[in-house]
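The structure under discussion appears below in the form of structure tokens.
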Amino acid sequence: VVLIGAGRPEADVVLKRLQQLLWGPYSIDGQRLSLTLHTGVAIHGESGMTGLELTTAAAGALGLILADVPGRPRTAEAAVDF
């Protein structure tokens with residue numbers, strides 16, 4: 001989610017709302033699924049100035065490592081435990 005003109009207080013409000021709406025069990029076609037939400041917040045001016053700096057900061061907050069692959073956009077990689 002990109003919030004134009006938002007600072008830390010607005011980001012915190014949106015984060016709380018997303019957690020309330022998206023976290024928890026769901027039932028789809030009779031199957032019970034559980035959804036967890038992992039977020040990395042980066043604030044313009046606080047966490048960086050450019051899009052790349054902000055993306056790197058948010059990915060770092062999630063424990064992700066941005067990988068450079070020649071000829072492809074920078075991607076995030078992480079180990080996930082199931």
Side-chain angles (χ1 to χ4, degrees):
V1 175
V2 176
L3 305 172
I4 305 298
R8 173 70 59 187
E10 295 84 4
D12 289 342
V13 168
V14 171
L15 179 59
K16 184 176 179 180
R17 288 181 184 170
L18 285 171
Q19 289 172 335
Q20 290 171 343
L21 290 170
L22 299 177
W23 192 282
Y26 291 85
S27 181
I28 299 176
D29 293 333
Q31 292 185 347
R32 191 160 177 87
L33 305 170
S34 194
L35 179 68
T36 58
L37 178 66
H38 300 276
T39 58
V41 176
I43 306 296
H44 183 262
E46 180 182 313
S47 307
M49 296 298 287
T50 68
L52 180 57
E53 290 171 340
L54 293 168
T55 302
T56 301
L62 279 167
L64 300 175
I65 299 168
L66 295 180
D68 284 317
V69 178
R72 295 184 61 198
R74 191 171 253 199
T75 58
E77 299 177 356
V80 180
D81 294 327
F82 290 98

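This is a predicted model, so every value here is computed, not measured.
Sorted by first then second residue, the salt bridge (charged side-chain N to carboxylate O under 4.0 Å, His left out) pairs that include residues 28-41, not counting sequence neighbours, number zero. Residue pairs that meet the salt bridge (charged side-chain N to carboxylate O under 4.0 Å, His left out) test with at least one member in residues 47-63, sequence neighbours left out, do not exist here. Applying the salt bridge (charged side-chain N to carboxylate O under 4.0 Å, His left out) test to residues at least two apart or on different chains, none of the pairs has a partner in residues 33-43.
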Name each donor-acceptor pair under 3.5 Å that joins a side chain in residues 17-24 to protein atoms two or more places apart or in another chain, with its distance.
none

Which donor-acceptor pairs under 3.5 Å do side chains of residues 2-16 form with protein atoms, sequence neighbours excluded?
{"unit_1": "R8", "atom_1": "NE", "unit_2": "E46", "atom_2": "OE2", "d": "3.4"}
{"unit_1": "R8", "atom_1": "NH2", "unit_2": "E46", "atom_2": "OE2", "d": "2.4"}
{"unit_1": "E10", "atom_1": "OE1", "unit_2": "G7", "atom_2": "N", "d": "2.8"}

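Taking A61 as the reference, nothing meets the side-chain contact (heavy atoms from CB on, under 4.5 Å) condition, with sequence neighbours excluded. Not counting sequence neighbours, the partners of A42 by the side-chain contact (heavy atoms from CB on, under 4.5 Å) test are S47, L54, A57, A58.
Across V41 and I43, no two heavy atoms sit closer than the pair CG1-CD1, 3.8 Å.
Chaining together hydrophobic side chains whose heavy atoms lie under 4.5 Å apart leaves M49 on its own. Residues I28 make up the rest of the hydrophobic cluster containing L33, defined by ILVMFWY side-chain heavy atoms closer than 4.5 Å, directly or through other members.
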